[in-house]
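Counting convention: from 1, in listed order, for ligands and their atoms alike.
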Amino acid sequence: MQRTKFVFITGGVLSSLGKGLAAASLGALLKSRGLKVTIQKLDPYINIDPGTMNPQQHGEVYVTDDGAETDLDLGHYERFLNVPMSQRNNYTSGSIYNSVIQKERQGKYLGRTVQVIPHITNEIKEAITGIAGQDDPPDVALIEIGGTVGDIEGLPFLEAIRQLRGDLGKDRCLYLHLTLVPYLRTAGEHKAKPTQHSVKELRSLGIQPDIILCRCEVAVSNEFKREKIAMFCDVESDAIFSAIDVENIYEVPLRFFDEGLDQKIAIMLHLPAKNVNLTTWNNIVHTMANPEHVVKIGIVGKYADSGEAYKSLIEALTHGGIANKSRVAISLISAEEITGKTVDCTLQGLDGIVVPGGFDVRGVEGKIIAAKYAREHKTPFFGICLGMQCAVIEFSRNIAGIPKANSEEFAPQGEDKIIYLMTEWYDHRAGKRVYRDVQSNKGGTMRLGAYPCRLVAGTLAARAYGQEEIEERHRHRFEFNNKYKESLEAVGMKFSGLSPDGELVEIVELPDHPWFLGCQFHPEFKSSPMHPHPLFSDFIKSALENSKG
Ligand code: GLN
């Protein structure tokens, strides 16, 4: 903890400037200088975590090994840093307040009036310094404050980071402000006013930025930095950097390096940084810029108009492309629009089909039809979580002669609940059997986080992974119902991945098909551009073969 330095990242002007990607890219650069880096996201909203939020509004819910349901920015952090995140890397106003309120009920504040300052701000400070209070603390912790400076709900977080500079010392804290610098094409010039206003707002809260990162279409000139930003915002002009728009997010670390951002931060914080080694990043970007093939993949899901809802999945497919020197052209297809009549014209021409995870009945029948199409047309098929459940339902209905097959989620009173709610299982993390109160809340009733899985030798899964013991992350309530296992096996479904006690079905596949696999877990959470996930690499490889054939 003593040695950890902190970079606080705030955002100005408007949202969606890419603070998460900026933090991840800066983290990657500092890591490639031999530093131990971690990143934490502080979200000002009141939900305890994003687990109950609509992905269309908030983007995907990213799940960590320890079972935390977190903001999708944590996915960027893991993909760029290649280190696992945990519960401690993401706090919300809701989780902070929740813990203060619990302490108040337990009488821990000894009769005092509990207030935003100091109680909420202290809780935030503990969350921030807690990320460094480990046995092997990081050299640098990047702390991203969600939202935009000026939002009412972000105030306690900004106050907490203001106080931390006093608590930890100036030499351990640095404030980086990401802002928008619009470029007016007609006038042919950049505009600094929004940045000046946003910095003024930040300074009114007692925070003087040390570094300004200007998100812009075209790089800002030195003269602009000096005369329009440095002079008005009291930031040295060599601490002002451009963050230009790029086609490929994995280029961002390279662009930041060209700008000298990491070097400046290392100097300002006196970090023991080595020379940067960017070979990995250069290779990734080079491979992506020079694909030898193009492969067409359709994602049949509920949120066809929101790539953010399938962020990790889209990234993992792209990584599968990197492993096969291919560009993956992804189309999002609305499951609701797939019917027996439309399926052929919607899905023909795709080299591979993915049915992703999801909740709720909307679009489910379309997903089941998509799985049938892929099975019958021998199109590579990858079913993830709900996608696996749909594939099993389809196979049960159309091959195993169980026409009423369904999931308990969609037909609670159904006759054949092929997918059902398991009320007890062995939790390997808790080291005991756990029981689920079926009537309880929506939050906290899912199988969440990393669980071990044993693969059956000689199967597609075992071949793709190249090993037989794996661990993957889960986020679901329902499971395959073992009552139907034998009947499905008898007509050709292979159960190729099971929990170590054999109780839970984790992977199914169809051997009589070029590539048809469904997994109950979410492999997309563990893929990175430097280590494409084996299932995604293998799926894309097969889709590529399908496209050639
Ligand atoms: N709704 C399904 C379940 O809860 C699948 C969840 C998912 O796809 N993440 O089991």
- Task: Name the closest protein heavy atom to atom 5 (C) of ligand 1, giving the residue it belongs to and the distance to 0.1 Å.
- Result: G358 O, 3.3 Å
- Task: Please indicate whether K417 has more than 12 foreign heavy atoms, meaning atoms of other residues, nucleotides or ligands, lying under 6.0 Å from its NZ.
- Result: yes
- Message: How long is the straight-line distance from OG of S99 back to CD1 of I120, given to the nearest 0.5 Å?
- Response: 8.0 Å
- Determine whether the aromatic ring centres of H474 and F525 lie less than 6.0 Å apart. no
- Taking H476 for its side chain and G357 for its backbone only, find out whether a donor-acceptor pair lies under 3.5 Å. no
- Message: If we only consider heavy atoms of Q389, is any one of them less than 4.0 Å away from an atom in ligand 1?
- Response: yes
- Under the criterion side chain to side chain contact (heavy atoms under 4.5 Å, CB included), which of T318, D351, V328 is the partner of I540? V328
- Query: Between F478 and ligand 1, is there a nitrogen or oxygen pair with a distance under 3.5 Å?
  - Reply: yes
- Please state which protein non-hydrogen atom is closest to atom 4 (O) of ligand 1 and give its distance, to 0.1 Å? R477 N, 2.9 Å
- Message: Just to confirm my output: which protein heavy-atom neighbour is closest to atom 7 (C) of ligand 1, and how far is it?
- Response: C385 SG, 2.9 Å
- Message: Counting non-hydrogen protein atoms only, what is the nearest one to atom 1 (N) of ligand 1? Give residue, atom name and distance.
- Response: E409 OE1, 2.6 Å
- Message: Check this for me, if you would: do E78 and K311 make a salt bridge, where the nitrogen-to-carboxylate-oxygen distance has to be below 4.0 angstrom?
- Response: no
- Which residue and heavy atom of the protein sit nearest atom 9 (N) of ligand 1, plus the separation: R475 O, 2.8 Å
- Message: Looking only at the aromatic ring of each residue, does the gap between the centers of H319 and F536 stay below 6.0 angstrom?
- Response: no
- Is Q520 close to ligand 1, meaning an N/O of one under 3.5 Å from an N/O of the other? no
- Got an N/O contact under 3.5 Å between L386 and ligand 1? yes
- Side-chain donor/acceptor of T92 to backbone N/O of I48, under 3.5 Å: yes
- Message: I need the atoms of ligand 1 closer than 4.0 Å to a non-hydrogen atom of H476, numbered in the order shown.
- Response: 3 (C), 4 (O), 6 (C), 10 (O)
- Query: Minimum heavy-atom separation for E509 to S496, with atom names?
  - Reply: OE1-OG, 2.6 Å
- G357 neighbourhood, listing ligand 1 atoms whose heavy-atom distance to it stays under 4.0 Å: 8 (O)
- Atom indices of ligand 1, in the order listed, that fall short of 4.0 Å to a heavy atom of H522: 9 (N)
- F359-ligand 1 polar pair, N/O distance under 3.5 Å: no
- Message: For the 3.5 Å polar cut-off, considering only N or O atoms, please tell me whether D360 and ligand 1 meet it.
- Response: no
